Amino acid sequence: MGIKGTRWGCVMQVCFKVIRQSQTNAWVQTYLLDVEPSYTILDCLNQIKWEQDGSLAFRKNCRNTICGSCGMRINGRSALACKENVGAELARLQSINSTVISAENPANSAPLNPDRKSLPDASELIPEITIAPMGNMPVIKDLIVDMQSFWDNLKAIDPYISTRARQVPEREFLQTPEDRARLDQTGNCILCGACYSECNAREVNPGFVGPHALAKAYRMVADTRDDQTETRLQQYSQGTDGVWGCTRCLYCNSVCPMDVAPMDQIGNIKAAVLHQETIAESRPIRHRRVLIDLVKEGGWIDERQFGLRVVGNSFRDLQGLVSLGPLGLRMLIRGKFPFGFEPSVGVEAVRSLIEAVQDLEAQGNPVSDSLMSEVFLKG
Amino acid sequence: MIDHDVIIVGGGLAGSRAALEIVRTDPTLSVAVVAKTHPIRSHSVAAQGGIAAALKNVDPADSWEAHAFDTVKGSDYLADQDAVEILTREAADVVIDLEHMGVLFSRLPDGRIAQRAFGGHAHNRTCYAADKTGHAILHELICNLMRYGVKIYDEWYVMRLILEEGQAKGLVMYHILDGQIQVVRAKAVMFATGGYGRVFNTTSNDYASTGDGLSIAALAGLPLEDMEFVQFHPTGLYPVGVLISEAVRGEGAYLINSAGDRFMATYAPSRMELAPRDITSRAIGRELRAGRGIHSDGTAGGPFVYLDLRHMGREKIMSRIPFCWEEAHRLLGIDAVTQPMPVRPTIHYSMGGIPVNTAGQVRGSSDSLVDGLYAAGETACVSVHGANRLGSNSLLECVVYGRRTGATITQAIPTRKLPNVDESHYITEAQQQLQSLLDQPGHYRINQVRQAFQDAMTEFCGVFRNASLMETGLAQLQGFQAQYSQIYLDDKGKHWNTEIIEALELRSLMIVGQMILESALQRQESRGAHCREDYPQRDDTNFLQHTLAYYSAAGIDISYHPVTITMFEPQERKY
């Protein structure tokens, strides 16, 4: 590679703790390296493999954040080894540690937890960087995970433009720069698996297709060339395999190395589903609509009506209604049943904010989470 | 033994476009793609600048003929003009087809595909997706392979081609997951394995670009064409070597030396920074030799020049070429809006490769074809790039010739039978090869030998070449080849053992390196990317012909193959 000593900066010692795994065993192995702060984590792993221990297994290829091979957990969160560097990792660890210390020790007095030694000066200890395989996928060896479910779930959302029903023109389909710009974020996805690795919904729901697949799904919905929008929205809003399976934990957004913001894209699909009158109303969709209606009416949620309207579908779903029985009983016994409802004092303000957002949407502006918060801040 | 109608080695643009062509035309055929990475990780994904086609969306004066002329002139008249005609005539059609497939091209205000300027092209004809064009195309193609049910063997390494009695019968491949060895039998075998940037120590190419397909063909006794033509891309980010796209100069960036001068005025006054890559790379080389390079502290005499974007402004940089800004920021902490980037030439592309005709059929010699064997993309030499490739013609070649080769294969399959193969012979041979690699007691690490080899190739076969340099390189290469039998592996298992792969790749690199050096030594002229200080002139009398190099353990034989000239008579190449 020929990079040693050629990049600007000073050489420092760093201890790499790698969570390793074979077919029969799992262990933590430490490697001491001489590196510069500008070295990427991938440079460091190469140095281990090429100079110290050829048995360490990890994927890599472009070393330039575009092929998506080197997803792994670096100091606890999924990231690309070729994107993160030693200096930034150490700075990040330091800021986390100082947050932990100040939280534990708000008045600068003795540590609350006597087992945790106060950290020595940075100069006294060799900084550590911990490397582990991605989550939510079985480990094959060391940092190599089996991505089969990741690919299968991508395939499940039909990740290709369909123009079957339309006459394909002799020249290109026209797409304005504004229409095209709506595809920028999702188009940047490199399918590295970082979001999938951290997805809380995937952890508990094996049917959920994952943030990568749904980000791609929104790309298909938003692409003006695709003619299957209605079918797609129907498909993506089935049960909890699609958009309604997302727990909105925000992890996908925070780890994505390409700023794809999968959770925002999931939100965009939900918005499209809610606006699509022809889609058969399901419980998740009703949940959203009733929520907004009730907040508009009372400034906050009237819990008594919420269950009846969402699960009982306003007395149309008798089975659903009956299923509420045991819950109602438990609430009565514990003294938590809401007998009355007081509208919020801010009901007028809340209603006008909701109406402002709905007006924007009616004018054809896609309302993202960030735009929403902007409106609310102004409000 | 595994049987398929078609087996394609390599999942990049050429391989996946060919596979798609076959299954779209005849969905009943069993088509498989085998690749040592997942296909979506192929190096095609890293292509930045764009794909050339005379769509005339921004320049009505453009035409396929103009594109053909630029390509032939860029090739220093070594390209085969029948192949160039096909490339440029079919360009618009393949780009429109990609658009219909869903590729996210950047757009003009009226909604048509946007096009921009590129080095060596006299018209603005490069279609692009910001500066991630390869990514945009490859992701769409791979998702379409899923749609049509193409079988993908990802993370399988192909160890050899089964070629018997002049017929390609299949492959031997190794599963990285568990060490399983399989023989694949097929009616048609296609190579689309990309280039070999890792032969050198500074390259824009990914780690997988180790010339495996080239070396497998060479070991099977097939010739490699024009291997001496190695493209240096002028703007590799110093010191890492990753690419700063030519699109950056297409959008108006300057190259400046230590004196702050736009030195391209001296070398290519009519095209300036948008001269072809060979000329621009040599210009940078000459500036560095003359002491007008720059050091890290900004003083003169250093190892790089500056690529200067500062006059372009933040908005243009972030909308047209955001990836290049991000690269410099991530790797060097530089804000290209306010600071110039350090660059120098980096190994980028292989003009040469496995010789094929315009139908994608592999040549066994100057006047014969290999039955059942096909190739396309960077690993093939058809030859549309001759002695120097123009930017945004490589994605085009992959798509045009990937599609054509797929069509040729589809037509050929109905009349072909599955060949007979002695499976056990090939499995035993492969097992022995791997076992001896695992067992050999050696005292060199793979990387020691590889690094020394890459350093030697870079020193003795770089931008400027001469006989004594290259003879030294060949002598040193013999030493490295002797060391190969003395490398040792830490990992003795067969469970995701990437050391085995690195060792096999090193063998490929050395074979390709030897082919480059021998071909370069024999070509006693300067043409395109091949610059001989001892033969500074182009010599059409003796060398207006393609090199065919044949590998054997005893040494390399060189012969020549005529250039097809149909439209443009060779003339002096000036910009």
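Not measured: the values here are computed from a predicted model.
- For the residue pair R63(A) and N205(B), no side-chain donor N or O sits within less than 3.5 Å of a side-chain acceptor on the partner.
- Between W151(A) and H38(B), the ring planes lie parallel to each other; the angle is under 30°, not in the 30° to 60° tilted range.
- With rounding to the nearest 0.5 Å, the separation of CH2 in W50(A) from CG in D490(B) is 14.5 Å.
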Practice task
Please assess K141(A) against D178(B) for the test salt bridge (charged side-chain N to carboxylate O under 4.0 Å, His left out), listing each intermediate value before the final yes or no.
Solution key: CA-CA 11 Å; K141(A) 178 181 176 182; D178(B) 57 9; over 6 Å; no
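- Remark: R219(A) engages E140(B) in a salt bridge, criterion side-chain N to carboxylate O under 4.0 Å.
- No side-chain donor-acceptor contact under 3.5 Å links S106(B) and R180(A).
- Remark: L191(A) CG to I40(B) CD1 distance equals 5.0 Å, nearest 0.5 Å.
- A salt bridge is defined here as a Lys NZ or Arg NE, NH1 or NH2 lying under 4.0 Å from an Asp or Glu carboxylate O, and E99(B) with R171(A) fails to meet this definition.
- Side chains of R147(B) and D158(A) form no contact here, defined as non-hydrogen atoms less than 4.5 Å apart.
- Residue C62(A) holds its SG atom at 10.5 Å from NE2 of H135(B), rounded to the nearest 0.5 Å.
- The parts of L55(B) that come within reach of chain A are both its backbone and its side chain, each placing non-hydrogen atoms under 4.5 angstrom from that chain.
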Practice task
Just do the side chain to side chain contact (heavy atoms under 4.5 Å, CB included) check on H495(B) and I140(A) with the steps written out, would you?
Solution key: CA-CA 9 Å; H495(B) 176 57; I140(A) 295 173; 3.6 Å; yes
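- Looking at Q448(B), neither its backbone nor its side chain comes within 4.5 Å of chain A, counting heavy atoms on both sides.
- Distance check: W496(B) CH2 to L143(A) CG gives 10.5 Å after rounding to the nearest 0.5 Å.
- Taking NE2 from H43(B) and CD1 from I66(A), the interatomic distance works out to 11.5 Å, rounded to the nearest 0.5 Å.
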Exercise for the section: Carefully, step by step, assess R59(A) and T37(B) under the rule side chain to side chain contact (heavy atoms under 4.5 Å, CB included). Expected result: CA-CA 9 Å; R59(A) 290 191 178 100; T37(B) 64; over 6 Å; no
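- Among P169(A), A181(A), A57(A), S22(A), the residue making the largest number of heavy-atom pairs under 4.5 Å with chain B is P169(A).
- With a threshold of 4.5 angstrom between heavy atoms, R445(B) approaches chain A through side-chain atoms but not through N, CA, C or O.
- Annotation: maximal heavy-atom pairing with chain B below 4.5 Å, among C189(A), A88(A), C67(A), occurs at C67(A).
- Of all non-hydrogen atoms in N64(A) and E327(B), the two that sit nearest each other are ND2-OE2, 2.7 Å.
- With no hydrogens or angles considered, a side-chain donor-acceptor pair links T498(B) and K49(A) at under 3.5 Å.
- In this structure, a donor-acceptor pair under 3.5 Å is present between the side chains of N57(B) and E172(A).
- Top candidate by heavy-atom pairs under 4.5 Å with chain B, chosen from L174(A), I190(A), I161(A), is L174(A).
- Among M146(B), H100(B), E502(B), the residue making the largest number of heavy-atom pairs under 4.5 Å with chain A is H100(B).
- Residues N46(A) and Y207(B) approach most closely at ND2-OH, 2.9 Å, considering heavy atoms.
- Contact annotation: the side chain of R330(B) never approaches that of E84(A) to less than 4.5 Å [non-hydrogen atoms, C-beta and beyond].
- You'll find the side chain of K132(B) reaches within 4.5 Å of the side chain of M258(A), heavy atoms only.
- When all heavy atoms are compared, the tightest approach of R41(B) to S69(A) is CD-OG, 3.4 Å.
- Minimum interatomic distance between C143(B) and P159(A) (heavy atoms only, all atoms of both residues): CB-O, 3.2 Å.
- Taking CZ of R107(B) as the start and CD of Q175(A) as the end, the distance is 4.5 Å to the nearest 0.5 Å.
- Interface remark: S44(B) contributes no atoms to any contact with chain A (heavy atom separation under 4.5 Å).
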